Amino acid sequence: MDVDLETLAWHAESNGGLHLRTVKVLLDHGQLEVVIRAAAERGEWVCAREAVRELCAAGEFGRAEGVMAPFMAIGWRPAVWETAGILVRAGRVEDAVALVSGAGDAEPRSAEDCRSLAELLAEAGRVDEAIELLAPRLEEDGTAYCLERVTEGQGRDERVLDLLPPAAASSRARVLERAGRVEEAARTLRDAIVVRDTVMVGTVKALAGLCLRHGRVEELRELATGRHATYAVRDYARALGERGRSGEAEALLRELIAEAEPYAEHYRWYLLELLCRQGRFGDAEEVARPTYGHEGHGLLESFVHVLVEAGRADLAVRHVEELDAAGVLDEESDWVLVNRVWLLGEAGRYEDALAYAATLPPEEQPYTNMTVSGVLERLGRVDEAVELLRTTEGASAWEPVEVLARHGRGAEGLAGMPSLAEEREERSRRYGW
């Protein structure tokens, strides 16, 4: 493995090398050996990590340790934790603890190490030891959440509640909820909405979500119609819709829109979602249209994506074409230029997508070439798709690999990639980092 610690650190921080998504495509298409080879030959850390998980799932613990061995040899700290995880899954818990604790030192040196060891202990069924490890450090960022997570489903909720500090309101509420104490969970969140005269938006949303999950519609209504309406009304509208009361939700949202104009785009978005869930795409269009031309493109992009997700890319294409013909898209032109190829492809109009892409000015083509590549791939023109990506300035080196991986040609794609060191040098030359 021709890679050093400095390059590995760059690789991990910059998302250089093979992207996680590409690695998952390789694995989904049965190319585990390609992933293992990328780890061994290229020093691809993401490949090593994901390969280990696949091998452990198959019970191949020895091979998994072998994948980690080169990274362990150069002192890559994350490899220590991955190797410890392999040992735990292989039933060698004491070896795992000894590995991460150092020479006879049972206390990890950092909060992050403490949390990682607690997760390993919990995975090995030693939950009480994990709790004891975390208990003294619950004031540190992330530790309360770690305690919440590693004890889920372990019958330790009461003990966890005794340990969690009042400041960890979100974790306390989630533990109370999973223990069936919903009323106490709601009260905990209500009491934590305002901290030192500051509204905690995440807490309001957490309370709204709790109410939605447990059918507490009246409490959700109070949130959605009070001073925190902005953060709760979306869940309230969903709750009403699920109970056959969409008319009430629509009326409330239209009222809020009228009161908040011209700053009502978020309420318009919630109403648009509600209408689209009912298949009322024409009404949704009328809600979105007044926002077109606003800074940030208004709701055009959001509306188009909702239509595509609903399986109505045809309506989205028609809508954009009508707006274009009417001259409404002047302020939206950048988004339309870059995304119309994608939209035509989603509608199955592949030849139209390619024809449109050919009309774009040269300076716009690098932004659309990945989408054009996808259209070519759908047409079975895989080699053309790959060549386009390889010759597009600024395209990521992993993109052609992903295309080839979907067709069982991952090894071929990997052979065409620069090494991590070469990619790092090129990025430094081009972007200064």
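Because the structure is a prediction, the values reported are computed rather than measured.
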Trainee: Quick one: are the ring centres of H11 and F71 less than 6.0 Å apart?
Mentor: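 Distance test on ring centres: not under 6.0 Å, no.
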
Trainee: Measure the spacing between CZ of R349 and CZ of R340 and express it to the nearest 0.5 Å.
Mentor: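 The distance works out to 9.5 Å.
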
Trainee: If you apply the rule salt bridge (Lys or Arg N to Asp or Glu O under 4.0 Å), what do you find for E286 with R254, and how did you get there?
Mentor: CA-CA 12 Å; E286 294 306 314; R254 290 191 183 280; over 6 Å; no

Trainee: Can you say whether the rings of W76 and W45 are parallel (under 30°), tilted (30 to 60°) or perpendicular (over 60°)?
Mentor: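 If you compare the ring of W76 with that of W45, the planes turn out perpendicular.
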
Trainee: Got a sec: does the CD of E259 have more than 12 other heavy atoms crowding it under 6.0 Å?
Mentor: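 Enclosed: over 12 neighbouring heavy atoms sit under 6.0 Å from CD of E259.
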
Trainee: Taking E148 as the fixed residue, which of R156, R172, R174, R115 is the one that meets the salt bridge (charged side-chain N to carboxylate O under 4.0 Å, His left out) rule?
Mentor: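 Single pass found, and it is R174.
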
Trainee: For E218, what residues pass the salt bridge (Lys or Arg N to Asp or Glu O under 4.0 Å) criterion, not counting sequence neighbours?
Mentor: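 By the salt bridge (Lys or Arg N to Asp or Glu O under 4.0 Å) rule, E218 matches R221.
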
Trainee: Answer yes or no: is there a donor N or O on one side and an acceptor on the other, between the side chain of S14 and the main chain of G16, under 3.5 Å?
Mentor: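 Checking the backbone N and O of G16 against the side chain of S14, a donor-acceptor pair under 3.5 Å is found.
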
Trainee: State, with a plain yes or no, whether a side-chain heavy atom of V304 is found less than 4.5 Å away from one of L343.
Mentor: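 Yes, their side chains come closer than 4.5 Å.
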
Trainee: Are F303 and H319 an aromatic pair, judged by ring center distance below 6.0 Å?
Mentor: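 So the answer is yes for these two rings.
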
Trainee: Check this for me, if you would: do E322 and R318 make a salt bridge, where the nitrogen-to-carboxylate-oxygen distance has to be below 4.0 angstrom?
Mentor: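 No, this pair does not count.
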
Trainee: Rounded to the nearest 0.5 Å, how far apart are CD of E119 and SG of C146?
Mentor: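 Here the rounded value is 4.5 Å.
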
Trainee: More than 12 foreign heavy atoms under 6.0 Å from CG of D141: is that the case here?
Mentor: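 Counting other residues, nucleotides and ligands, CG of D141 stays at 12 neighbours or fewer.
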
Trainee: To the nearest 0.5 Å, how far apart are CG in L271 and CD in E250?
Mentor: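 Separation between the atoms: 6.0 Å.
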
Trainee: State whether the number of non-hydrogen atoms from other residues, nucleotides or ligands found under 6.0 Å of Y367 atom OH is greater than 12.
Mentor: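 No, not enclosed.
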
Trainee: I'd like to know if R21 pairs up with E399 as an ion pair, taking the criterion as any Lys NZ or Arg NE/NH1/NH2 lying under 4.0 Å from an Asp or Glu carboxylate oxygen.
Mentor: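 No, R21 and E399 are not salt-bridged.
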
Trainee: Consider only side-chain N and O atoms of E177 and H214, and report whether a donor and an acceptor are under 3.5 Å apart.
Mentor: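 Their side chains do contain a donor-acceptor pair, which is all the 3.5 Å distance test asks for.
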
